[in-house]
Amino acid sequence: MRRLRLYARLARLAAVVAIGLILASGLRLQAVIGKLPRHAARHRLCRWWLARLAAALPYKVHLTGVQPSRTALWLSNHQSWADIPLLGMLQPMAFLSKSELRHWPLLGWLAAEAGTLFIKRGSGDSGMLNQQLGEELRQGRSLLIFPEGTTTNGAALRTFHSRLLACAIETGMPIQPVAIRYLRNGELDPISPFIGDDDLLSHLIRLLGADHAAVEIQLLQPIDSRGMERNRLGRACHAAISEALYGPVPVREAA
């Protein structure tokens, strides 16, 4: 029975990926003939497809909070590649991802055609990256970034790379903090995190062969970036997401 369920889920996922390939091929064809679709149309199409991809994954999503009504820099903790469809289905937006994703079979090409911006870890070219991110925000397009710079198992929140927040400060755009958590039987899900030496195919088989897990997505109170110094802003965002995931940090009394 579990094997039949796995095959059924794989078939559904393959159908969604096939649809994505058709859509991405259409976008590529338009680019070849010189009829590029507007960014807004591309992002709406991407959101539609990500919603189908998220629905094909074995998750029950619990969403709390209010979605922003204006352009914002979305900022989330990061546990899995599944974070992207689960968050990307909420609003049309662009994504910042590690450059390694660009080389994934099929999914890397789909991500590129959807308008994903890729960052090479350790490249040191933060100025050009900040210009790219700032231009997206100035054009009224929301962005999703993962400031931890890597995925974790969800047990702790890593330090944020605050240089990625400079684009929000320079454009005066608000930060939309997001806390995402994967739970299985009321505990942190050991299957969903995509970490270490995981490869996509093995992770997919483990995930699709398991029972449904719960995903809690908390849209937290937006943070005004105007006039903020980026390290201070990074600490404020880190504190907000950390408290949402793990509760308030106890205040130590002075001796």
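All heavy atoms count here, side chains included; hydrogens, waters and symmetry mates do not. Positions are given from 1 along the sequence. From a predicted model like this one, the values you see are computed outputs, not experimental measurements.
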Query raised in the report: Should Leu207 and Leu201 be counted in the same cluster of Ile, Leu, Val, Met, Phe, Trp and Tyr side chains packed under 4.5 Å apart?
Result: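 Yes; Leu201 is reachable from Leu207 via cluster members.
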Requested in this report: Determine, using the 4.5 Å side-chain heavy-atom cutoff (strictly less than), whether Ile195 and Ile205 are members of one ILVMFWY cluster.
Outcome: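 No; Ile205 is not reachable from Ile195 via cluster members.
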Test of understanding: with side chain to side chain donor-acceptor pair (under 3.5 Å), list the residues that count as partners of [X], not counting sequence neighbours.
X	answer
His203	Trp81
Arg206	Asp198
Asp197	none
Gln218	none

For [X], does the [atom1] atom sit with more than 12 other heavy atoms under 6.0 Å from it, leaving out its own atoms?
X	atom1	answer
Arg5	CZ	yes
Asp199	CG	yes
Arg226	CZ	no

Atom [atom1] of [X] and atom [atom2] of [Y]: how far apart are they, to the nearest 0.5 Å?
X	Y	atom1	atom2	result
Leu137	Ser142	CG	OG	7.5 Å
Ile180	Ser80	CD1	OG	8.5 Å
Arg232	Ile169	CZ	CD1	10.0 Å
Ser242	Arg235	OG	CZ	14.5 Å
Glu243	Leu220	CD	CG	9.0 Å
Leu90	Trp74	CG	CH2	5.0 Å

**Report entry** Residue list, ring-ring contact (aromatic ring centres under 6.0 Å, His included) with His238, at least two apart or on another chain
**Finding:**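 Once residues adjacent in sequence are excluded, the partners of His238 under the ring-ring contact (aromatic ring centres under 6.0 Å, His included) criterion are Phe160.
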Query raised in the report: Could you go step by step and tell me if Leu165 and Ile145 meet the side-chain contact (heavy atoms from CB on, under 4.5 Å) rule?
Result: CA-CA 9 Å; Leu165 307 184; Ile145 66 173; 4.1 Å; yes
Query - Residues forming a salt bridge (charged side-chain N to carboxylate O under 4.0 Å, His left out) with Arg12, sequence neighbours excluded - result: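 Per chain and number, Arg12 pairs via salt bridge (charged side-chain N to carboxylate O under 4.0 Å, His left out) with no residue.
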Query raised in the report: Could you give all pairs that pass the salt bridge (Lys or Arg N to Asp or Glu O under 4.0 Å) test and reach residues 185-195, with sequence neighbours left out?
Result: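 Sorted pair list: Arg184-Asp189.
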Report task. Scan for salt bridge (Lys or Arg N to Asp or Glu O under 4.0 Å) pairs involving residues 214-223, sequence neighbours excluded, and state none if there are none. Result ->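 Qualifying pairs: Arg181-Glu216.
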Query raised in the report: In terms of side-chain heavy atoms, does Glu148 have a donor or acceptor partner in Asn77 at a distance below 3.5 Å?
Result: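 No, no side-chain donor-acceptor pair sits under 3.5 Å.
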Query raised in the report: Do Glu135 and Gln139 have a side chain donor and acceptor closer than 3.5 Å?
Result: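 Judged by distance alone, the side chains do pair up.
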**Report entry** Residues forming a side-chain contact (heavy atoms from CB on, under 4.5 Å) with Leu4, sequence neighbours excluded
**Finding:**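 By the side-chain contact (heavy atoms from CB on, under 4.5 Å) rule, Leu4 matches no residue at all.
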Query raised in the report: side-chain contact (heavy atoms from CB on, under 4.5 Å) with Arg3: which residues, sequence neighbours excluded?
Result: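 If we apply the side-chain contact (heavy atoms from CB on, under 4.5 Å) test to Arg3, skipping adjacent residues, the hits are Tyr7.
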Requested in this report: Indicate yes or no for a side-chain donor-acceptor contact from Ser162 to the backbone of Gly234 under 3.5 Å, with no hydrogens or angles considered.
Outcome: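 A pair under 3.5 Å: no.
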Query raised in the report: Would you say Trp49's side chain and Ala24's backbone share a donor-acceptor pair under 3.5 angstrom?
Result: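 Absent.
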For residues [X] and [Y], determine if any side-chain heavy atom of one lies less than 4.5 Å from a side-chain heavy atom of the other.
X	Y	answer
Leu87	Ser76	yes
Met173	Arg70	yes
Leu13	Leu204	yes
Pro174	Ile223	no

For residues 51-69, tabulate all N or O donor-acceptor pairs below 3.5 Å that involve a side-chain atom, not counting sequence neighbours.
unit_1	atom_1	unit_2	atom_2	d
Arg52	NH1	Trp48	O	3.3
Tyr59	OH	Ser192	OG	2.7
Gln67	OE1	Gln91	NE2	3.3

Requested in this report: Applying side-chain contact (heavy atoms from CB on, under 4.5 Å), run through Leu50 and Phe95 and close with a yes or a no.
Outcome: CA-CA 12 Å; Leu50 289 175; Phe95 307 95; 3.5 Å; yes
Report task. Could you please spell out the steps behind the side-chain contact (heavy atoms from CB on, under 4.5 Å) verdict for Ile84 and Phe146? Result -> CA-CA 10 Å; Ile84 293 178; Phe146 301 105; 4.0 Å; yes
Query raised in the report: Testing Leu143, Leu96, Thr171 for side chain to side chain contact (heavy atoms under 4.5 Å, CB included) with Glu136, which one passes?
Result: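 Only one of Leu143, Leu96, Thr171 forms a side chain to side chain contact (heavy atoms under 4.5 Å, CB included) with Glu136, namely Leu143.
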Report task. Any chance you could lay out the side-chain contact (heavy atoms from CB on, under 4.5 Å) test for Gln176 and Leu75, step after step, and finish with the verdict? Result -> CA-CA 6 Å; Gln176 175 57 64; Leu75 185 148; over 6 Å; no
Query raised in the report: Other hydrophobic cluster members with Leu188, side-chain heavy atoms of Ile/Leu/Val/Met/Phe/Trp/Tyr under 4.5 Å, chained?
Result: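 Its cluster partners, ordered by chain and number, are Leu183.
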Query raised in the report: Passes side-chain hydrogen bond (donor to acceptor under 3.5 Å, both in side chains), Asn130 versus Glu170? Steps please.
Result: CA-CA 9 Å; Asn130 185 57; Glu170 293 175 6; 3.0 Å; yes
